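Every chain is numbered from 1, with letters handed out A, B, ... down the list of sequences. Bear in mind that the values here come from a model prediction, so they are computed numbers and not experimental data.
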Amino acid sequence: MASGSGSLMWFRKGLRIHDNPALQYAAEGTKFLYPVFVIDPHYMEPDKNAFSLGSARAGLNRINFLLESLADLDSSLKKLGSRLLVLKGEPSEVLIRCLKEWEVEKLCFEYDTEPYYQALDFKVKNYASTAGIEVFSPVSHTLFNPTDIIQKNGGRPPLSYQSFVKLAGQPSSPLSHTLSSLPLVGDVGSCVISEVPTIKELGYVDIGQDECSPFRGGESEALKRLNEIKNDKEWVATFEKPKGNPSAFLRPATTVLSPYLKFGCISCRFFYQCLQDVYKNVKRHTSPPVSLLGQLLWRDFFYTVAFGTPNFDQMRGNRICKQIPWNDDDELLTAWRDARTGYPWIDAIMVQLRKWGWMHHLARHSVACFLTRGDLFVHWEKGRDVFERLLIDSDWAINNGNWLWLSCSSFFYQYNRIYSPISFGKKYDPNGDYIRHFLPILKDMPREYIYEPWTAPLSIQTKAKCIIGRDYPKPVVLHDSASKECRRKMAEAYALNKDSNGMVSEEDIRNLRRKLKEDPEQEAKNKRIR
DNA sequence: GAAGGGTTGGAGAA
DNA sequence: TTCTCCAACCCTTC
């Protein structure tokens, strides 16, 4: 054991050959290389109790995307004279067993800032150091090292994009070296190794192509997509994030590189370099924060804040999160989750999420605002959970960061700016083609009623073969009054947070919740009495 | 303490 | 398509 002549490359994210410093270091000066991926059954195997097909932690689309990424990685490794060794079990136990059994002197894996990996890596590193195994764990999932930025800022993460950019400076460059071959895989002893499983082998039944994500996983697919983007210089040069069209689904208005960045099928540093190359060759181009390059900076911003903020993924105990007395209403939550709000724009987006595991960022904004501060006043953590499960690109730092943003709990505070579940979508897609595609029950509804079908006369509903209240639900809330009510609640909650100077107790929240439940008219009277 | 700025609101006017 | 107003938030900087 230990002090052998092999290297173990532990893949988790970073599922790529290009710009992979951990892989490159693992392959250097070693006789044997063990490229390992551990399948955690909890993450991958079916859970019948979950609200959608998938495991306890991930929806089927993301599991499938991961399997495709692994198969692509395996195929690339094979071309280089190696292969992916797939093992099953609790990752730290499996890893430590491999380290014990194989002759390994170097353990290499990409550094990861997520709490899950921090805890996991702590256990594995601990064992490696007692066994005298060298550990190499470089930062290559982000452009910058979040630890450095937090240190530069005096130990706390910067809380605005602008202050982050000032601290960040220039990102590190991708590796220029391309691997042409890899060392042989060593003897695996008694460890049970398998090929990358298929979705069926994991215990899932095949679902129709119609019902699943059109985006295929893997480094090859990612590089192909990046290449197409690079070739469309005009598109790259004029990209402005807030101006994208959320209803475009035949040709999405963004790069759809997010799932590939999430799993590290593509290197963000390589992507950054490609964008700079395009910018160099055009007369003028957009700039951060709205440009494509800006999107990579936003990604690093969220990674940095998430890493430096204890309890980033919850309201309680999170010092940058406003304490707000959200409703605990399961009926409203499931109506939203299952695309039954009665607002076609909202429901179509939720269907796209369920089927594709991806939707445009403004569509995400629209439904996140609707669930939380805009209409339903349901806790952002509940919406976060749904996104985390169903998105193929769900990324711990970015998903939580955006829910904090959209719910006006952190980063963004203009709670009066509410997305309308009717006019926002109509602005981009007056005919409702997006709705007709994802909610075919409404496909024959005339365009003047497609965003508000409950206002259509019964004769029109009959003709469209869609009776509201029978074939498609009535709205769960009335947007005009619900959004007004939400504004009132947000104002009250903000006032409480201000008065308490960031020290809002559980009891304060309970009291405010009780107060907000009172009749608004009574509330007005109360104010006058006071 | 005031002023300026904030990737992505809506509605109505020009 | 671009503007102002709505009502007024926060953080950063000075």
Side-chain angles (χ1 to χ4, degrees), chain A residues 153-154 156-168 236 238-248 252-255 258 275 285-302 304-305 309 318-324 343 345-346 349 359-375 398 401-430 451-452 479-502 504:
Chain A
N153 200 43
R156 286 197 166 190
L159 293 179
S160 74
Y161 169 84
Q162 294 298 347
S163 49
F164 167 81
V165 170
K166 274 184 200 157
L167 291 162
V236 171
T238 55
F239 183 93
E240 274 185 79
K241 186 77 175 280
K243 290 194 178 162
N245 178 353
S247 69
T254 52
T255 62
S258 54
L275 291 174
H285 60 83
T286 51
S287 296
V290 296
S291 64
L292 263 186
L293 195 129
Q295 305 319 302
L296 284 172
L297 298 175
W298 277 105
R299 177 174 178 270
D300 261 62
F301 167 70
F302 283 124
T304 306
V305 186
T309 308
N318 179 349
R319 67 180 172 79
I320 69 166
C321 180
K322 293 259 180 247
Q323 304 298 304
I324 295 168
Y343 286 94
W345 171 246
I346 299 296
I349 295 168
M359 64 282 210
H360 187 270
H361 71 110
L362 286 178
R364 301 182 193 202
H365 281 211
S366 214
V367 295
C369 179
F370 185 85
L371 179 72
T372 57
R373 67 183 170 85
D375 290 84
I398 296 169
N402 276 307
W403 277 96
L404 283 163
W405 184 297
L406 259 299
S407 64
C408 282
S409 296
S410 198
F411 308 115
F412 176 78
Y413 306 95
Q414 287 167 283
Y415 56 77
N416 279 311
R417 294 191 186 172
I418 292 174
Y419 291 86
S420 161
I422 298 154
S423 50
F424 185 70
K426 207 186 266 181
K427 187 166 69 179
Y428 300 96
D429 178 18
Y451 284 87
E452 300 166 271
H479 174 65
D480 280 351
S481 52
S483 60
K484 273 199 190 85
E485 187 63 7
C486 282
R487 283 191 173 100
R488 183 180 75 92
K489 289 175 175 171
M490 290 300 283
E492 290 274 7
Y494 267 47
L496 172 66
N497 280 265
K498 210 171 192 174
D499 292 347
S500 322
N501 208 12
V504 180

| With respect to the phosphate group of C/dC11, does any side-chain polar atom (N or O) of A/S163 fall under 4.0 Å of OP1 or OP2? | no
| field | Centroid distance under 5.5 Å and plane angle under 30°, A/Y494 vs C/dC9 | value | no
| field | Distance-only donor-acceptor test (3.5 Å): side chain A/Q295, base B/dT7 | value | yes
| request: Nearest-nucleotide wise, let me know which of A/Q414 and A/K243 is further upstream toward the 5' end of DNA chain C. | output: A/K243
| request: Quick one: the dot-bracket string of DNA chain C, using Watson-Crick and G-U wobble pairs with both distances under 3.5 Å, [ ] for crossing pairs and | for bases paired to another strand. | output: ||||||..||||||
| Distance between the P atoms of B/dG5 and C/dC3, in whole angstroms? | 16 Å
| request: Give, for atom CZ of A/F411 and atom SG of A/C321, the distance between the pair rounded to the nearest 0.5 Å. | output: 9.5 Å
| Euclidean distance for P, B/dG4 against C/dT4 (whole angstrom) | 16 Å
| Side-chain N,O (A/K426) to OP1/OP2 (B/dG9) below 4.0 Å | no
| Sugar-phosphate only, base, or nothing, as touched by A/K498 at under 4.0 Å among non-hydrogen atoms | sugar-phosphate
| message | Rounded to whole Å, please give me the gap between NZ in A/K166 and P in C/dC11. | response | 16 Å
| How is A/F412 classified with respect to the nucleic acid when contacts are heavy atoms under 4.0 Å: base, sugar-phosphate, or nothing? | nothing
| message | Mind checking if A/L362 touches a base, just sugar-phosphate, or nothing, with heavy atoms under 4.0 Å? | response | base
| request: Applying side chain to side chain donor-acceptor pair (under 3.5 Å) between A/E485 and each of A/R487, A/R488, A/K489, report the one that passes. | output: A/R488
| query | Once you round it to whole Å, what is the distance between P of C/dA8 and CD1 of A/I418? | reply | 13 Å
| request: Between B/dG6 and C/dA8, how far apart are the P atoms? Round to whole Å, please. | output: 22 Å
